[in-house]
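Following: one structure in structure tokens, then a few remarks.
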Amino acid sequence: MTRAAGAPASAPALARDWFDRPATTLARELLGCRFVHAAPDGTVGGLIVETEAYRGPEDRAAHSARGRTPRNAVMFGPPGFMYVYLVYGLHHCLNVVAGPGEKPEAVLIRAIALDEGMEIARARRGPAVPERRLASGPGNVGAALGIDRRHNGLDLLDSPVRVEARDFSPRVIRGPRVGVDYAGAWTARPLRFWIADDPHVSRR
DNA sequence: GTCGGGATCCTCT
DNA sequence: GAGGATCCCGACA
């Protein structure tokens with residue numbers, strides 16, 4: 001992956017239509033896009049390098065599999081919104097709601113290669129954490145970017161959190177998702193996507 | 001109201 | 001590789 005060092009280039013935020021497609025497609029297309037959170041204590045952002053697609057109600061691993069609830073209601077809304085939830089009572093996982101239309105699909109952001117606000121991320125994660133692990137793994141992404149349940153339901157087109165178009169085409173590898181052993185036939189489906197040879201990917 | 005489980009991560013062995 | 005941390009959510013009574 002090649003990209004100029006130093007200050008990240010500014011790219012236009014993506015339009016609603018861009019998010020309006022199945023999670024499998026969106027999970028691929030999000031790789032290489034910049035994810036940015038302009039928090040009150042500073043801006044942290046970087047390139048998305050690892051994602052997982054969670055399909056509609058038929059996907060037993062997806063939170064939408066058991067129907068609409070107060071927690072997962074955002075998934076049942078329009079695409080381009082954030083779905084944030086707490087797992088294991090500790091970690092906030094960050095999803096982008098996909099389409100098509102209001103089909104309850106979403107893409108989990110599993111790893112980001114930070115290129116902005118590294119010192120802020122380190123302050124949140126701890127001084128001993130190596131750079132490549134600052135936002136590697138879904139729980140770490142939430143921690144590094146300062147995302148929690150207060151961000152659930154935010155519009156990526158109109159909030160301090162946004163996604164910017166990518167300016168290159170990464171080489172993408174796909175494989176089974178992580179931590180969904182309970183999902184029957186869906187466990188082995190290759191719905192996890194990552195950029196080949198990127199050191200920030202959580203499980204290589 | 002109660003209870004069991006979970007889209008994780010880190011430390012220790 | 002194993003196990004603990006930690007608490008919200010959803011199912012059920």
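By convention in this document, chain letters (A, B, ...) are assigned in the order of the sequence lines, proteins followed by strands, and residues within each chain are numbered from 1.
- In plain terms, the two heavy atoms of A:R34 and A:D115 that are nearest each other are NH2-OD1, 2.7 Å.
- The outermost nucleotides of DNA chain B lying under 4.0 Å from heavy atoms of chain A, listed 5' to 3', are B:dG6 to B:dC10.
- Using a 4.0 Å cut-off on heavy atoms, the residues of residues 50-74 of chain A that approach DNA chain B are A:Y54, A:A61, A:H63, listed by number.
- A 4.5 Å side-chain heavy-atom check between A:R125 and A:N140 finds at least one atom pair inside the cut-off.
- The minimum heavy-atom distance between A:A111 and A:V201, with the atom names listed, is CB-CA, 4.3 Å.
- Listed by first then second residue, pairs satisfying salt bridge (Lys or Arg N to Asp or Glu O under 4.0 Å) with a partner in residues 60-75 of chain A number zero, not counting sequence neighbours.
- Shown for residues 120-137 of chain A: no residue has heavy atoms falling under 4.0 angstrom of DNA chain C.
- Between A:N95 and A:V107, the closest side-chain pair of non-hydrogen atoms is not below 4.5 Å.
- A:V36 and A:V161 are members of different hydrophobic clusters when ILVMFWY side chains are connected at heavy-atom separations under 4.5 Å.
- Grouping Ile, Leu, Val, Met, Phe, Trp and Tyr by side-chain contacts under 4.5 Å, direct or through others, puts A:Y54 with A:V74, A:M75, A:F76, A:F81, A:Y83, A:Y85, A:V87, A:Y88, A:V97, A:L108, A:V180, A:Y182.
- Looking at heavy-atom distances under 4.0 Å, A:G89 makes contact with a base.
- Backbone-only contact: A:N140 has heavy atoms under 4.0 Å from sugar-phosphate atoms and none from a base.
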Dot-bracket line, read 5' to 3' along DNA chain B, where crossing pairs take [ ] and | marks a partner on another strand, Watson-Crick or G-U under 3.5 Å: ||||||.|||||.
Would you be so kind as to tabulate the donor-acceptor pairs closer than 3.5 Å made by side chains of residues 19-32 of chain A, with sequence neighbours excluded?
residue	atom	partner	partner atom	Å
A:D20	OD1	A:G101	N	2.7
A:R21	NE	A:W18	O	2.8
A:R21	NH2	A:W18	O	3.4
A:T24	OG1	A:R55	NH1	3.2
A:E29	OE1	A:R166	NH2	3.3

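- Under the side chain to side chain contact (heavy atoms under 4.5 Å, CB included) criterion, A:A39 pairs with A:H37, A:D41, A:R124, not counting sequence neighbours.
- Interface residues of residues 98-109 of chain A facing DNA chain B, ordered by number: A:L108; criterion, heavy-atom separation under 4.0 Å.
- Among all heavy-atom pairs drawn from A:C33 and A:L14, the shortest one is SG-CD1, 4.4 Å.
- Put simply, the side chain of A:E116 reaches to within 4.5 Å of the side chain of A:T43, judged on heavy atoms.
- Cluster partners of A:W186, using a side-chain heavy-atom cutoff of under 4.5 Å among ILVMFWY residues and allowing indirect links, are A:L191.
- Using a 3.5 Å distance cut-off with no hydrogens or angles, the side chains of A:H200 and A:E131 do pair a donor with an acceptor.
- A:H92 is not listed as a side-chain neighbour of A:H151, based on a closest heavy-atom distance of 4.5 Å or more.
- Take the nearest nucleotide of DNA chain C for A:R149 and for A:L90: the residue whose nucleotide is more 5' is A:L90.
- In this model, no donor atom of one side chain and acceptor atom of the other lie less than 3.5 Å apart for A:S64 and A:E105.
- Along DNA chain C, the stretch of nucleotides lying under 4.0 Å from any heavy atom of chain A spans, 5' to 3', C:dA5 to C:dA11.
- Listed by chain and residue number, nothing satisfies the salt bridge (charged side-chain N to carboxylate O under 4.0 Å, His left out) test with A:R133 (two or more places apart in sequence, or in another chain).
- The shortest distance between side-chain heavy atoms of A:V178 and A:R192 falls below 4.5 Å.
- Contact check for A:S202 versus A:E50: side-chain heavy atoms found under the 4.5 Å cut-off.
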